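Everything on this sheet refers to the single structure shown next.
Note that this is a predicted model, so its numbers are computed, not measured. Just so you know, residue 1 is the first one in the sequence shown, and it goes up from there.
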Amino acid sequence: MNVSKTASSTAGLSLAAALVLPAAPAIAAPAADSDIHISEIAYTFSTDFIEVAADPGTDISGWTFGSVTRGGSVQAQENTVTVPEDTTVGDSGAVAIDVSITNSVKAGSAADGEYGSSAFVIDDDGELVDFQQIGGVVDGKGVTGTKNTFTPAPVIGQEAEPTGATAASGQSIQLTGDAWKSAAPTPNALPDSSDDGDDDGDDGDTPEGVTPIADVQGTGDVSPVQGKTVTTRGVVTAAYPEGGLNGYYIQTPGTGGADAADDTASDGIFVYSPDTVADISIDAHVEVTGTVSEHYGQTQISVSASGLKTVDEPAEAVKPVEDAFPAGDEKRESLEGMLLQPSESLTVADNYNTNTYGEVVLATGEGTLDQPTDVHRPGTPEAKALEAENLDREVVLDDGATVNFLKADKDIPLPYLSKEDPVRVGAQANFTSSVVLGFDHEKWRFQPTTRLTGDNAEAVQPTSFTDTRTDAPEAVGGQISLASFNVLNYFTTTGDQLDGCQYYDDREGNHITVRGGCDARGAANAESLKRQETKIVTAINKLDASVVSLMEIENSAAFGKDRDDALATLVKHLNEAAGTQKWDFVESPDSVPADEDVIRTALIYQPAEVAPQNESTILDDQDAFSNAREPLSQAFAPKDDSDEVEKDKTFVTISNHFKSKGSGSGPGNEDSGDGQGASNADRVKQAEALVDFAGDQQEAADSELVYLLGDFNSYTQEDPMQVFYEAGYKDIAAEKTDESTYVYGSRTGSLDHVLALDASDAGDGATAFGSVTGADVWNINSVESLALEYSRFNYNIADLFAPDQFRASDHDPVVVGLYDETDEGGDDDSGADGSDESNDDADGTDSADGSSDHPGGKNAGKNGGKNGNHWGNRDGDHPGGKNAGKNGHHNGW
């Protein structure tokens, strides 16, 4: 309900405050021709009011305040209000009355005769006190009140007086002196007498004449003249007539370069002006007049068509600031809106949103942005300090646009990405031309000087990126090798074979992947499956490990087929590509859990290098693994050069895929905010059950050589991993590499691990960890842009799909060498300088500092960057087989 307010001797009231009783004895209402007038009109998203100025104590009881449309009639009953009894004007000389304002305005020269909404005030004698039109042309034609059910008689036939002013976002229009201006709402308070434009602006009022950009920016994070109308001059440094920014940056002539200080006000500013952006050119010297505001944290001037002038006098050229990009908001504020040429290389920290918004997250300093719980125990001061450091190091390389490429502009090639020049997490970004420093949506941003697309990259793209791709993993030594590989919901049962499937479609409406509605989780049809298979097959054949643990492969029994049907199909394609019967798979055991998920784990191997020993076994623990995939165990023995099986080197492998971080229920499974995500208690329970199961398999195989592989959905220092460390297991990649397997939310860490038993009671015998000859994380997936994935085929006009190993999945494979042929038992310190960290659902960081809280022991100075981005709901735009509405990684698991 609308209520009136008065400004009395009590403190200033909010717009929703109750009525204040008279602060002074009421006096009779003045005649309509007295000096009572409308002084402010607010029509924001949060509040509407009409304010009148009158002598303190003036009684306005029974007066009518209201608004008419541009057609001159009161639209609805809510657009008028009668002031309650005993309402008087407070000591401020103003009183604001809440009333809904019809929000339709016309401004500028074209508005003469095209009317905007108008506000009126009628006294209790039925006399029209004032009638003011929002917008229009000063001294031009105003709206005329017209008769309808709700229009008061005193308004009918009367012409409103155009104010010529409209309000910027969140502001009102206010009568300051003789002119109406846009400013922050001030209900129940008149502008200071100095607000009439006759002062020099030193007290924060609207400046007169030309105000330097630095004075508009100020030295804080908010302009000291926010809400005021200013005139300033500058050289145009960047312009964005297309792509949604609708404006341009200007900078004070002659500023920048080596003389730019980092502790002063900025000399650059953004001009928001859809009306003029198409009329300016870079390097032009301009004068702009408009209202100052803060838009998502960036200071800007909103300029109408009449607010731009070209300055004839020549301007000294603007020079880019050439220096390392400073740390800290205070120093960056001093460069907001200015032209920069960052002198140092920055590291790509994330490229997930390159596919959506044309953004690349960069990191200052050394390396990528580590996931805190990959380096430090969750919730510790060290973990919190690392995340604070991460936030300070982030800066977004933008594309000069606000376009969401998944929804619009699909026929414009994505910026930054191409087949020839990959943009990979961990790569170095070197600036080849200047950018402007902006701020938006809580992030500092480097904007190119005009909108960047794939079409104009040669001329506009401000950076180059190092190519960090490798065609094969680093050599890990050893007689044989183990690896883990996530196959990204590889389903040979495609959506078009089932009823009820919903799909993610490409830009032409063709189905690409299953979105939900059925049990399939992968490709929509044979064509899409072929693209997925090509990448997976290429990657696994180049990985070339003796034994590979697979995660996220179809459990074909869910579709009435043999449980191993999809697995057998994958192996068939692997062998076809290899040109020989290189691969085989571990068959499902006779006994399988009664209630399995539609995805499963699996093991494939090369018969020329290893031989299975005994039957495979699945851990059937419906308590611990009711929301995850049950572990699959198989013992193997290597073969020597003469194809003899060396049973004395028998080792146990167990393939795993724990519950994701995206959802959880039950005690301990809520997201506590310590970085471990949801379902942490369930993952701890699963780790404990796996340790017991591994002990049983160790005994059955009569071998100390036990290896746990897969996606544990836990970063290296999180609680589930501690269960393994306490049971005598070591994280091989964490110990022997400085690399990671996954990227989420611009943080790099490992959710995928290969754990080796390092039993203290092994005596002189070989231990699983002691048998390791080397390790590598082959960064082919998480560090690559999502746009390259089969699930994004033809989402954009740029053809980014290639039949190679890059972005075959979203997790990177870990490969481990076993058995030094010259020193059986291996060397604990040997191994390739690779990295084995895979983030499957969390955000992780792996730059160990050698601290005592890091039993996984990531090498100090980790600088690997992997990109995964797939925790929780993925905004519904992840056609890679993630069912919509599932609150977790991999269809809620």
Please check if the number of heavy atoms outside Y503 that lie under 6.0 Å from its OH is greater than 12.
yes
Ignoring hydrogens and geometry, is there a side-chain-to-backbone donor-acceptor pair from N525 to H511 under 3.5 Å?
yes
Is the backbone N or O of L786 less than 3.5 Å from a side-chain atom of N355, with the two atoms forming a donor-acceptor pair by type?
no
Output yes when a side-chain donor or acceptor of T494 lies under 3.5 Å from a complementary backbone atom of A523, and no otherwise.
no
Within the distance-only criterion (no hydrogens, no angle test), does the side chain of N669 pair as donor or acceptor with the backbone N or O of G664 below 3.5 angstrom?
no
Between K661 and D671, is there a side-chain N and carboxylate O pair less than 4.0 Å apart?
no
What's the verdict on salt bridge (Lys or Arg N to Asp or Glu O under 4.0 Å) for D398 and K443, showing C-alpha distance, side-chain angles and the deciding distance?
CA-CA 11 Å; D398 216 329; K443 301 291 183 183; over 6 Å; no
Quick one: does any side-chain atom of S546 pair with a main-chain N or O of Q606 as donor and acceptor, under 3.5 Å?
no
Tell me whether D411 at atom CG has more than 12 heavy atoms from other residues, nucleotides or ligands lying less than 6.0 Å away.
yes
When you measure from the side chain of R531 to the backbone N and O of F801, does any donor-acceptor pair fall under 3.5 Å?
no
Using a 3.5 Å distance criterion without hydrogens, assess whether the side chain of S616 forms a donor-acceptor pair with backbone atoms of E587.
yes
Do the rings of F651 and Y707 sit parallel, tilted or perpendicular, given the 30° and 60° boundaries?
perpendicular
Is the closest side-chain donor-acceptor distance between D621 and Q686 under 3.5 Å?
no
Note: R747-E394 ion pair, threshold 4.0 Å (strictly below):
yes
With sequence neighbours left out, write down each residue that passes side chain to side chain contact (heavy atoms under 4.5 Å, CB included) with D562, or none if nothing qualifies.
D564
Report yes or no: do E533 and Y790 form a side-chain donor-acceptor pair below 3.5 Å?
no
Answer yes if the side chains of N794 and R507 hold a donor-acceptor pair under 3.5 Å, and no otherwise.
yes
Which of these, K535, R807, R424, sits in a salt bridge (Lys or Arg N to Asp or Glu O under 4.0 Å) with E784?
R424
Whether T653 side chain and L708 backbone form a donor-acceptor pair below 3.5 Å:
no
Counting only heavy atoms not in K419 (residues, nucleotides, ligands), do more than 12 fall under 6.0 Å from its NZ?
yes
Closer than 3.5 angstrom, by distance alone: can the side chain of N456 be matched with the main-chain N or O of T453 as a donor-acceptor pair?
yes
Just jot down the side chain to side chain contact (heavy atoms under 4.5 Å, CB included) partners of A558, sequence neighbours excluded, or say none.
V598
Any donor and acceptor pair, going by atom type alone, linking the side chain of E554 with main-chain N or O of T493 inside 3.5 Å?
yes
